[in-house]
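Worth saying up front: this structure is predicted, and the values here are computed from it rather than measured. We name chains A, B, ... by the order of the sequence lines, and we start the count at 1 in each one.
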Protein chains: 2
Amino acid sequence: MDLTTVELDRTLRERGYRATVPRRAVWQALVEAQGHVTVEELAELLVDDVDQASIYRALALFEELGLARMSRLGDSDASRWEPAHPDEHFHLVCTDCGRIDHHVGSLVADISQHLDRDHGFEVQRVELVVDGRCQRCRG
Amino acid sequence: MDLTTVELDRTLRERGYRATVPRRAVWQALVEAQGHVTVEELAELLVDDVDQASIYRALALFEELGLARMSRLGDSDASRWEPAHPDEHFHLVCTDCGRIDHHVGSLVADISQHLDRDHGFEVQRVELVVDGRCQRCRG
DNA sequence: TTGGGTGCAAACTCTTTGCAGCGTT
DNA sequence: AACGCTGCAAAGAGTTTGCACCCAA
């Protein structure tokens with residue numbers, strides 16, 4: 001489901017942006033990272049160097065285009081990025097091992113529907129983060 | 001339900017911390033602010049000046065004592081603080097007017113129970129933030 | 001060819017820390 | 001009297017911005 005570089009190029013051009021080498025590289029690294037990476041981690045993953053400022057700019061653009069998504073997870077100050085998923089999900093962050101999982105389900109959709117229908121709140125984004133200890137770390 | 005200054009003093013001493021003028025002032029401002037304030041806003045609310053570093057230290061201590069809670073809400077980079085609520089709730093952030101509301105319900109408790117029972121995940125903290133447009137702003 | 005995008009460096013915001021002296025216990 | 005806490009200033013992390021040059025369209 002992740003966009004290929006070709007599809008990224010097309011999406012960029014459709015919206016009037018240029019398909020550049022740094023943008024392709026950032027996208028490729030983001031996809032290969034399997035989500036939840038910081039900008040710093042992304043910079044290390046990149047084969048050809050891309051300036052951090054350009055990484056920030058690329059990610060902000062991807063977010064605007066609906067291709068990527070940012071979260072503040074765990075105790076780190078840095079933002080974490082992942083390709084935008086089509087499926088509703090939320091994040092489980094283990095405070096012991098630092099592992100971050102997706103929990104897929106209808107919960108996020110249920111919340112949106114409930115708020116919209118019963119409270120007149122037009123949901124644009126749901127961010128659900130659960131901190132705790134995963135099964136593995138509980139022993 | 002918010003702790004008075006007297007109760008704050010008692011809680012601090014019980015846990016081996018000193019009841020000081022700056023800590024009382026920060027607590028009072030936090031309670032009066034009705035939640036969701038940044039450190040900067042808190043500093044403005046304070047009658048007697050308290051150094052920002054001391055505000056940060058006081059809030060971190062309150063969090064450790066279970067008296068306060070931090071969230072990253074809205075598009076601001078700054079952390080927002082509120083007195084710890086006894087009731088389960090989550091935050092509704094209006095992207096138009098910036099208003100932040102609590103949505104009280106059993107949802108957060110339901111999530112905890114489900115994850116613990118069905119997935120072996122020991123929940124320590126649930127952070128649910130919903131961005132969107134409130135009824136008032138939808139017109 | 002042209003103007004959007006990039007790299008570089010500097011600036012900026014939020015937060016933390018080192019330290020000397022003050023104030024609670 | 002002892003030492004935990006504070007204010008001050010400086011440092012630190014993450015992110016943004018200004019600008020000259022470059023390259024995609």
Judged by each residue's nearest nucleotide on DNA chain C, which is more toward the 5′ side, B:S76 or A:R18?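 Counting from the 5' end, the first nearest nucleotide belongs to A:R18.
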
Considering only nitrogen or oxygen atoms on both sides, find all protein atoms under 3.5 Å from nucleotides 6-8 of chain D and state each distance.
| from | atom 1 | to | atom 2 | distance (Å) |
| --- | --- | --- | --- | --- |
| D:dT6 | OP1 | B:T20 | OG1 | 2.9 |
| D:dG7 | OP2 | B:D51 | N | 3.3 |
| D:dG7 | OP2 | B:S54 | OG | 2.5 |
| D:dG7 | N7 | B:R57 | NH2 | 2.9 |
| D:dG7 | O6 | B:R57 | NH2 | 3.3 |

Looking only at the aromatic ring of each residue, does the gap between the centers of B:H85 and B:H102 stay below 6.0 angstrom?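 Judged by ring-centre distance (under 6.0 Å), B:H102 and B:H85 do meet the cut-off.
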
Nearest to the side chain of A:Y56, heavy atoms from C-beta on, is which of D:dA24, D:dT15, C:dT24?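 So the nucleotide nearest the side chain must be D:dT15.
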
To the closest 0.5 Å, what do you measure between CD (A:E88) and CG (A:L128)?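 Separation between the atoms: 11.0 Å.
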
With sequence neighbours excluded, what pairs up with B:R13 under the salt bridge (Lys or Arg N to Asp or Glu O under 4.0 Å) test?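 By the salt bridge (Lys or Arg N to Asp or Glu O under 4.0 Å) rule, B:R13 matches no residue at all.
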
Going through the distances and angles, do A:E127 and B:R72 end up as a salt bridge (Lys or Arg N to Asp or Glu O under 4.0 Å)? CA-CA 11 Å; A:E127 174 78 358; B:R72 297 242 163 122; over 6 Å; no

Whole-Å distance separating the [atom1] atom of [X] from the [atom2] atom of [N]:
{"X": "A:D48", "N": "C:dG7", "atom1": "CG", "atom2": "P", "answer": "10 Å"}
{"X": "B:R10", "N": "C:dT25", "atom1": "CZ", "atom2": "P", "answer": "15 Å"}
{"X": "B:D9", "N": "C:dT24", "atom1": "CG", "atom2": "C1'", "answer": "11 Å"}
{"X": "A:L61", "N": "D:dT16", "atom1": "CG", "atom2": "C1'", "answer": "16 Å"}
{"X": "B:E41", "N": "C:dC14", "atom1": "CD", "atom2": "P", "answer": "10 Å"}
{"X": "B:E14", "N": "C:dT24", "atom1": "CD", "atom2": "C1'", "answer": "17 Å"}
{"X": "A:E64", "N": "C:dG5", "atom1": "CD", "atom2": "P", "answer": "10 Å"}
{"X": "B:R15", "N": "D:dC5", "atom1": "CZ", "atom2": "P", "answer": "13 Å"}

Non-hydrogen atoms of A:R23 and A:F62 that approach each other most closely: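 Here A:R23 and A:F62 meet closest at O-CZ, 3.5 Å.
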
Just to be sure I understand the rule, does A:S79 reach a base, reach only the sugar-phosphate, or reach nothing, if contact means heavy atoms closer than 4.0 Å?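 Sugar-phosphate contact only - A:S79 comes under 4.0 Å of backbone atoms but never of a base.
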
Using the side-chain contact (heavy atoms from CB on, under 4.5 Å) criterion, which residues pair with A:E41? Sequence neighbours excluded.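 With neighbours one apart ignored, the set is A:V37, A:T38, A:R80.
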
Indicate the ring-plane relationship of A:H103 and A:F90, choosing parallel, tilted or perpendicular according to the 30° and 60° boundaries.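 The rings of A:H103 and A:F90 sit tilted, inter-plane angle from 30° to 60°.
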
